[in-house]
Protein chains: 2
Amino acid sequence: MRVSIVDVANRAEVSISTVSRVLNRRDLVNAKTRERVEAAIRELGFRPNAFGRGLMLRRSEVVGLVLPDLHGDFYSEIIRGADAKARSMGYNLVVSSAAAGEDSHSLLERLQNRGLIDGVAVMISEVTEDTERVLSGFRQPVVLMDGVSPGDQHDSVVIDQERGVQALASHLLGKCGVRRVIFLGGCDTNADTQARLAAWRRSLTKARLPLVDEDVYHLDYEFESACRLAADRLDDWADPDTCVVAANDEMAAGVISAAHAAGVTVPDELQVVGFDDTRLAKLIRPKLTTVRVPMWQMGARAIELLCGRIQDEAKEPRRVSLPPALVVRDSCRANGVS
Amino acid sequence: MRVSIVDVANRAEVSISTVSRVLNRRDLVNAKTRERVEAAIRELGFRPNAFGRGLMLRRSEVVGLVLPDLHGDFYSEIIRGADAKARSMGYNLVVSSAAAGEDSHSLLERLQNRGLIDGVAVMISEVTEDTERVLSGFRQPVVLMDGVSPGDQHDSVVIDQERGVQALASHLLGKCGVRRVIFLGGCDTNADTQARLAAWRRSLTKARLPLVDEDVYHLDYEFESACRLAADRLDDWADPDTCVVAANDEMAAGVISAAHAAGVTVPDELQVVGFDDTRLAKLIRPKLTTVRVPMWQMGARAIELLCGRIQDEAKEPRRVSLPPALVVRDSCRANGVS
DNA sequence: ACTAATGTTGAAACCGTTTTCATTAGCACC
DNA sequence: GGTGCTAATGAAAACGGTTTCAACATTAGT
């Protein structure tokens with residue numbers, strides 16, 4: 001048998017208004033009355049119903065997080081950050097992935113969920129022409145994470161790719177004596193890949209080592225495909241002054257695995273670096289030199305922005321930029337020519 | 001300006017009852033009227049409000065998933081399965097972790113969330129005395145996943161640990177010539193660890209190779225601690241007929257890493273197996289022999305049970321048992337004495 | 001003692017749906 | 001032409017809260 005605010009009111013011999021006030025504006029009710037009401041609430045185990053509440057308040061205290069996928073370290077770390085922050089701000093977090101064969105439009109619509117959700121943080125990694133249309137279809141606050149940033153209409157938290165690549169490039173070119181870079185990206189519609197590739201082109205051109213098209217590969221972020229490609233190209237690549245730059249750690253791990261199988265030692269005969277600093281980077285041998293992307297932070301900041309906007313609709317779009325950090329490990333040479 | 005069912009009714013020149021019927025029981029309304037209403041809905045961009053709806057229907061079509069943690073492959077795979085199934089059954093999934101320093105009681109209470117959630121699938125890996133109390137505090141359907149199973153009051157989906165361990169044991173003892181097993185578990189309050197250890201004791205006793213207490217270690221499921229322990233004990237362990245049996249893949253990877261650093265080759269001088277078959281198992285060298293736990297399935301089945309129960313309260317508790325599968329790779333010897 | 005301000009409470013409106021129940025119209029049947 | 005059905009619709013009552021507004025009691029100020 002469900003217990004409603006009426007039951008509490010009866011038991012405490014007050015009106016429902018008073019019960020409601022005890023719940024929301026304690027200071028407005030006399031101390032002795034309040035005690036009676038609180039006792040009744042306790043004894044009956046009353047919990048205010050979210051629907052009745054939401055109907056009046058027009059908010060649910062639930063926020064959504066939409067990711068391209070839920071697979072792997074990368075995303076779980078974002079979820080952790082988002083979850084922690086949401087909780088600390090008194091919200092619940094609904095997570096959903098845009099993958100799973102459903103087109104993102106219907107997913108977002110479904111999530112928007114007739115007002116059940118107060119706002120959404122979205123990460124879209126593939127650039128498509130209707131991204132903007134989908135986003136503008138939202139009636140509630142939206143925060144964009146990383147990837148795409150169509151216009152400046154939304155709050156967003158992005159990774160400062162340029163800075164990460166620069167740190168990596170100056171390390172490789174300066175300390176590791178790298179003279180040739182092989183770039184392994186994801187699909188060429190992927191926003192991260194685009195940003196990183198562009199940043200590499202700039203960095204290398206500045207160092208008078210332009211990245212030639214033959215050394216740019218578009219794969220799929222997977223271990224296996226990087227492994228296969230590397231096995232095939234290793235004869236060409238293997239050189240102490242060459243570095244394979246992968247757009248994520250998994251592909252870097254794939255290259256290292258292929259090199260290992262072919263008897264090419266890393267980093268002495270070929271250098272490799274990754275991107276993201278996932279858990280994997282520390283687990284393979286040699287440990288991976290990579291760039292730490294603050295995923296936890298990204299999730300947390302996105303939710304922070306989102307909840308802020310929910311509470312204060314007026315503010316103009318804010319943009320948070322998160323700096324990645326170079327993590328030097330063992331997959332490229334320590335000091336110049338070894 | 002929000003558009004409600006009243007606006008639609010006005011525009012279509014019908015009553016709100018009719019609009020509602022078009023939404024829920026199309027067949028009850030005349031074709032011509034229906035068309036008018038549908039046109040109005042389309043033109044106004046009307047979406048039924050979830051609070052009004054939930055208030056009447058007493059359900060939200062949202063289900064919760066509570067995990068001990070969100071970190072790592074293991075959990076993301078469960079989330080994926082749960083999400084996919086929830087979606088296909090017309091539900092939305094709220095994910096939350098019981099970690100993050102909050103005691104699980106208040107989390108579950110909060111998630112139960114005044115009825116905002118129709119039910120919860122819970123995975124509790126640590127056995128504590130108040131587990132049962134917490135679970136019985138629920139007023140809505142609960143499905144238990146893996147780990148703890150207090151009484152038979154709830155639906156549950158478990159991993160058939162016994163079967164997984166048996167498969168592994170018969171492979172190791174039969175094909176790999178293993179004569180001594182070192183067991184690396186998680187914390188000894190962990191339900192999985194308890195189940196696996198007990199299963200190993202039975203399997204080994206049956207083979208007249210009882211597991212001695214000195215060869216049982218309780219760690220924390222982490223790469224690092226397994227790595228440190230192995231580095232310390234490797235002198236004792238290193239033997240072609242010894243196999244380190246870790247309760248998850250990460251610890252197995254830690255042992256392999258330590259062995260590699262100490263110049264002990266796996267599997268020739270020491271055999272190692274993991275458990276779970278996470279992504280990591282394929283990425284390290286040698287590739288890990290392990291037991292595939294159907295995590296995606298577990299998430300999916302749990303949600304399936306949950307939604308089933310939500311729709312049909314009456315049924316008596318069901319228990320689904322998922323069989324793990326042996327995955328033979330390169331971290332133990334292929335055929336008897338090599 | 002009269003007035004104004006303040007503190008405390010309850011009645012009732014409202015939020016946006018679904019659903020029950022009554023009403024009306026159209027139709028077949030005798 | 002009345003009677004009994006069915007189909008189509010609308011009015012109104014929930015559902016469980018919050019909030020406005022008015023009422024009343026109390027206190028302070030003069």
Side-chain angles (χ1 to χ4, degrees), chain A residues 1-38 40-41 44-62 90 112-118 139-140 311, chain B residues 1-38 40-41 44-62 90 112-118 139-140 311:
Chain A
M1 189 49 201
R2 297 188 57 82
V3 20
S4 85
I5 200 173
V6 179
D7 305 314
V8 177
N10 288 340
R11 171 138 195 159
E13 298 182 294
V14 296
S15 72
I16 61 168
S17 326
T18 301
V19 178
S20 176
R21 271 189 288 259
V22 170
L23 259 29
N24 306 302
R25 313 269 325 263
R26 305 171 51 83
D27 51 309
L28 288 186
V29 20
N30 180 286
K32 243 170 33 205
T33 318
R34 183 166 66 215
E35 244 166 61
R36 265 209 334 277
V37 173
E38 274 163 350
I41 290 179
L44 266 43
F46 168 70
R47 299 238 154 264
N49 174 296
F51 295 119
R53 192 152 201 277
L55 201 48
M56 274 306 291
L57 263 33
R58 314 168 142 277
R59 60 191 161 79
S60 62
E61 271 139 10
V62 174
Q112 173 171 217
N113 222 353
R114 304 99 175 245
L116 237 188
I117 285 177
D118 292 341
R139 294 153 169 163
Q140 290 167 324
Q311 277 146 28
Chain B
M1 192 46 202
R2 297 188 56 83
V3 19
S4 85
I5 201 174
V6 179
D7 304 316
V8 176
N10 288 341
R11 172 139 195 160
E13 298 181 297
V14 294
S15 73
I16 61 169
S17 324
T18 301
V19 179
S20 175
R21 274 189 285 259
V22 170
L23 259 28
N24 306 303
R25 313 266 326 259
R26 307 172 49 87
D27 52 307
L28 288 186
V29 17
N30 181 286
K32 249 183 11 219
T33 316
R34 184 167 63 214
E35 244 166 61
R36 264 209 335 277
V37 173
E38 275 164 349
I41 290 178
L44 266 41
F46 168 72
R47 299 237 153 265
N49 175 296
F51 295 119
R53 191 149 203 278
L55 199 49
M56 277 305 293
L57 263 34
R58 310 165 145 279
R59 58 189 162 81
S60 61
E61 271 139 10
V62 174
Q112 176 171 214
N113 222 353
R114 302 97 177 251
L116 237 187
I117 287 177
D118 292 341
R139 295 155 169 160
Q140 290 166 325
Q311 278 147 28

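Just so it is clear, the model here is predicted, and its values are computed rather than measured. By convention in this document, chain letters (A, B, ...) are assigned in the order of the sequence lines, proteins followed by strands, and residues within each chain are numbered from 1. All heavy atoms count here, side chains included; hydrogens, waters and symmetry mates do not.
Residue Leu23(B) comes nearest to Phe46(B) through the heavy atom pair CD2-CE2, 3.7 Å, listed as atom of the first residue, atom of the second, then distance.
In this structure, the side chains of Arg26(A) and Glu38(A) come closer than 4.5 Å at one or more pairs of heavy atoms. Residues Ser4(A) and Asn49(A) are not in side-chain contact: their nearest non-hydrogen atoms beyond the backbone lie 4.5 Å or more apart. You'll find the side chain of Thr33(B) reaches within 4.5 Å of the side chain of Val14(B), heavy atoms only. Contact annotation: the side chain of Val22(A) never approaches that of Arg36(A) to less than 4.5 Å [non-hydrogen atoms, C-beta and beyond].
Within the model, atoms CZ of Arg11(B) and CD of Glu13(B) stand 10.5 Å from one another, a figure rounded to the nearest 0.5 Å.
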For Val62(B) and Leu116(A): C-alpha separation, side-chain torsions, deciding distance, then whether side-chain contact (heavy atoms from CB on, under 4.5 Å) applies. CA-CA 10 Å; Val62(B) 174; Leu116(A) 237 188; 3.9 Å; yes
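Nearest-nucleotide positions on DNA chain D for Thr33(B) and Leu55(B) put Thr33(B) closer to the 5' end. Place Phe46(B) and Arg34(A) on DNA chain C by their nearest nucleotides, and Arg34(A) ends up nearer the 5' end.
Taking atom CG on Leu28(B) and atom C1' on dT6(D), their separation rounds to 12 Å, with Å as the unit.
Using a 4.0 Å heavy-atom criterion, one finds that Val14(A) contacts the sugar-phosphate atoms exclusively.
The closest donor-acceptor contact from the side chain of Glu61(A) to the backbone of Gly90(A) lies at 3.5 Å or more, if one exists at all.
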Dump every N/O contact between nucleotides 18-25 of chain D and the protein below 3.5 Å, one line per pair.
{"residue": "dT18(D)", "atom": "OP1", "partner": "Asn24(A)", "partner atom": "OD1", "Å": "3.3"}
{"residue": "dT18(D)", "atom": "OP1", "partner": "Asn24(A)", "partner atom": "ND2", "Å": "2.9"}
{"residue": "dT18(D)", "atom": "OP1", "partner": "Arg53(A)", "partner atom": "NE", "Å": "3.2"}
{"residue": "dT18(D)", "atom": "OP2", "partner": "Ser20(A)", "partner atom": "OG", "Å": "2.6"}
{"residue": "dT18(D)", "atom": "OP2", "partner": "Asn24(A)", "partner atom": "ND2", "Å": "3.4"}

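With a cutoff of under 4.0 Å to any heavy atom of chain A, the contacted region of DNA chain C is bounded 5' to 3' by dT8(C) to dG16(C).
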